[in-house]
Amino acid sequence: MEGAKAGNELFLVKNHFYLGNYQECINQVRKIKTASPEKDIFLYRSYIGQKQYGVVLDEVRKDSDLYPIRLIAEYFTEPDRRQVLVQQVDEYVEKNQGSLDLVWIITAGTIYFNEGLYENCLSVAGDDLESLTLSIQCLLKLNRVDLAKKTYDTMQKTDEDATLTQLALAWIFMEVGGEKLQDAFYIFQEFSDKYSPTVQLLNGQAVCQIGQEKYEEAEATLREALNRDPNNYDTLINLMALAQQQEETGWEIPQRYLTQLRENYRDSPFIREYTKKEADFNTLSSQYAPSKSVNLEAY
């Protein structure tokens with residue numbers, strides 16, 4: 001009975017984490033009285049999800065078994081050291097290829113994914129549901145929907161009703177688009193009804209609504225997400241994308257969200273890519289600018 005109770009408690013811990021309900025995940029961990037490295041992994045990952053990096057840095061020492069989780073917190077708090085941290089992960093992965101334990105798979109996968117190193121990320125993924133979910137995220141980033149579907153088939157055979165399996169299916173539906181957007185929306189809605197509407201689930205629903213050109217509904221959904229977390233990365237990007245789709249919205253609205261992103265996520269993949277394209281545009285524009293030495297009177 002004790003084992004069944006502990007297993008159920010850990011199920012709730014994982015479930016809340018996967019759905020983006022980090023505070024409830026933390027609350028559930030605190031209810032588990034027995035020692036468990038796995039519950040501690042989800043505890044500190046939840047603090048990272050809340051951007052409470054200081055908690056992880058204070059409590060997870062360098063000689064701890066959870067040290068790899070500390071590397072994730074260091075990655076997000078020390079942008080100048082990111083390349084050093086990536087190299088550290090590379091070296092560990094190379095030495096332990098084929099025998100990585102869960103905590104290192106999570107760490108390497110998280111850092112590689114945030115660096116846009118999707119092929120590296122795929123190379124460290126295992127065959128557990130979370131690893132397969134990470135693989136699907138990478139494959140969708142690489143526009144390999146075909147391989148993502150095959151990976152989903154593996155997840156479906158393992159546990160069709162698992163939260164991660166259902167979320168993975170929703171992401172694939174979103175990538176496919178069309179009528180599948182409504183199916184994806186229903187998956188997010190079902191989780192919201194069963195548990196609670198998290199920022200992650202609300203953003204998923206909003207993307208589906210934008211794809212279906214249900215702009216007013218999408219705006220209401222994103223406003224709800226914004227009320228829950230005023231500076232959420234995905235919400236700000238989706239609000240900016242939505243504002244660009246609405247004809248009556250001027251440039252000042254998306255510009256406002258862009259300013260928030262630059263202030264709060266200046267080292268994020270979106271802002272790095274946007275800044276690069278902005279610089280490229282300015283360079284090209286300068287090449288076609290009229291020469292200051294042109295004598296207009298000659299015309």
Taking the side chain as every heavy atom from C-beta outward, state whether [X] and [Y] have any atom pair closer than 4.5 Å.
| X | Y | answer |
| --- | --- | --- |
| F191 | Q200 | no |
| C121 | L134 | yes |
| D65 | V103 | no |
| V86 | N120 | no |
| I271 | D267 | no |
| V93 | Y112 | yes |
| N114 | Y75 | yes |
| L57 | Y47 | no |

If the condition is salt bridge (Lys or Arg N to Asp or Glu O under 4.0 Å), which residues does [X] pass it with, not counting sequence neighbours?
| X | answer |
| --- | --- |
| K276 | D280 |
| E190 | none |
| K33 | none |
| E78 | R81 |

Tell me, yes or no, whether the heavy-atom count around [X] atom [atom1], taken from other residues, nucleotides or ligands under 6.0 Å, exceeds 12.
| X | atom1 | value |
| --- | --- | --- |
| R266 | CZ | no |
| N227 | CG | yes |
| K149 | NZ | no |
| E119 | CD | no |
| Y186 | OH | no |

Under 4.5 Å between side-chain heavy atoms, hopping through other hydrophobics if needed: is there a path connecting [X] to [Y]?
| X | Y | value |
| --- | --- | --- |
| L102 | I69 | yes |
| L129 | I172 | yes |
| L66 | L100 | yes |
| L71 | I41 | yes |
| I111 | L117 | yes |

Could you pull out all donor-acceptor pairs under 3.5 Å where a side-chain atom in residues 135-145 meets a protein atom, sequence neighbours excluded?
residue: S135; atom: OG; partner: S131; partner atom: O; Å: 3.1
residue: R144; atom: NE; partner: D146; partner atom: OD1; Å: 3.0
residue: R144; atom: NH2; partner: D146; partner atom: OD2; Å: 2.8

Smallest separation among heavy atoms of [X] and [Y], with atom names:
| X | Y | value |
| --- | --- | --- |
| A218 | L242 | C-CD2, 4.1 Å |
| S123 | Q97 | O-NE2, 3.3 Å |
| C208 | M174 | SG-CG, 3.9 Å |
| Q28 | V13 | CB-CG2, 3.7 Å |
| A108 | V89 | CB-CG1, 3.6 Å |

What distance do [X] atom [atom1] and [Y] atom [atom2] have between them, rounded to the nearest 0.5 Å?
| X | Y | atom1 | atom2 | result |
| --- | --- | --- | --- | --- |
| Q189 | L202 | CD | CG | 9.0 Å |
| S46 | E24 | OG | CD | 10.5 Å |
| F76 | R82 | CZ | CZ | 7.0 Å |
| K180 | F173 | NZ | CZ | 4.0 Å |
| T154 | L132 | OG1 | CG | 6.5 Å |
| F185 | L201 | CZ | CG | 11.0 Å |

Can you give the donor-acceptor pairs under 3.5 Å from side chains of residues 162-169 to other protein atoms, not counting sequence neighbours?
residue: T163; atom: OG1; partner: N15; partner atom: OD1; Å: 2.3
residue: T165; atom: OG1; partner: D159; partner atom: O; Å: 2.8
residue: Q166; atom: NE2; partner: E160; partner atom: O; Å: 2.8

side-chain contact (heavy atoms from CB on, under 4.5 Å) between L226 and L236, worked out: CA-CA 8 Å; L226 200 65; L236 292 173; 4.2 Å; yes

Salt bridge present between R228 and E224 (N-O < 4.0 angstrom):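 Judged by the 4.0 Å cut-off on N to carboxylate O distance, R228 and E224 do form a salt bridge.
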
F42 six-ring centre to R45 NZ/CZ under 6.0 Å and within 45° of normal: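 Geometry flag: set, cation within 6.0 Å and 45°.
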
Can you name the side-chain hydrogen bond (donor to acceptor under 3.5 Å, both in side chains) partners of [X], sequence neighbours left out?
| X | value |
| --- | --- |
| Y233 | none |
| E217 | none |
| K14 | E38 |
| E213 | none |

Side-chain (T107) to main-chain (W104) donor-acceptor, under 3.5 angstrom: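 No: the side chain of T107 does not pair with the backbone of W104.
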
Side-chain donor or acceptor of T275 paired with backbone N/O of R272 under 3.5 Å: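 Here the side-chain-to-backbone pair does not exist.
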
Partner residues of W171 under the ring pair (Phe, Tyr, Trp, His ring centres under 6.0 Å) criterion, sequence neighbours left out: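 W171: no ring pair (Phe, Tyr, Trp, His ring centres under 6.0 Å) contacts found.
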
Y118-F113 aromatic ring centre distance below 6.0 Å: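 So the answer is yes for these two rings.
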
Passing option when N203 is tested against L222, I237, T221 for side-chain contact (heavy atoms from CB on, under 4.5 Å):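 Of L222, I237, T221, side-chain contact (heavy atoms from CB on, under 4.5 Å) with N203 is met by L222 alone.
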
side-chain hydrogen bond (donor to acceptor under 3.5 Å, both in side chains) pairs, two or more places apart, involving residues 53-63: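 Only Y44-E59 qualify under side-chain hydrogen bond (donor to acceptor under 3.5 Å, both in side chains).
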
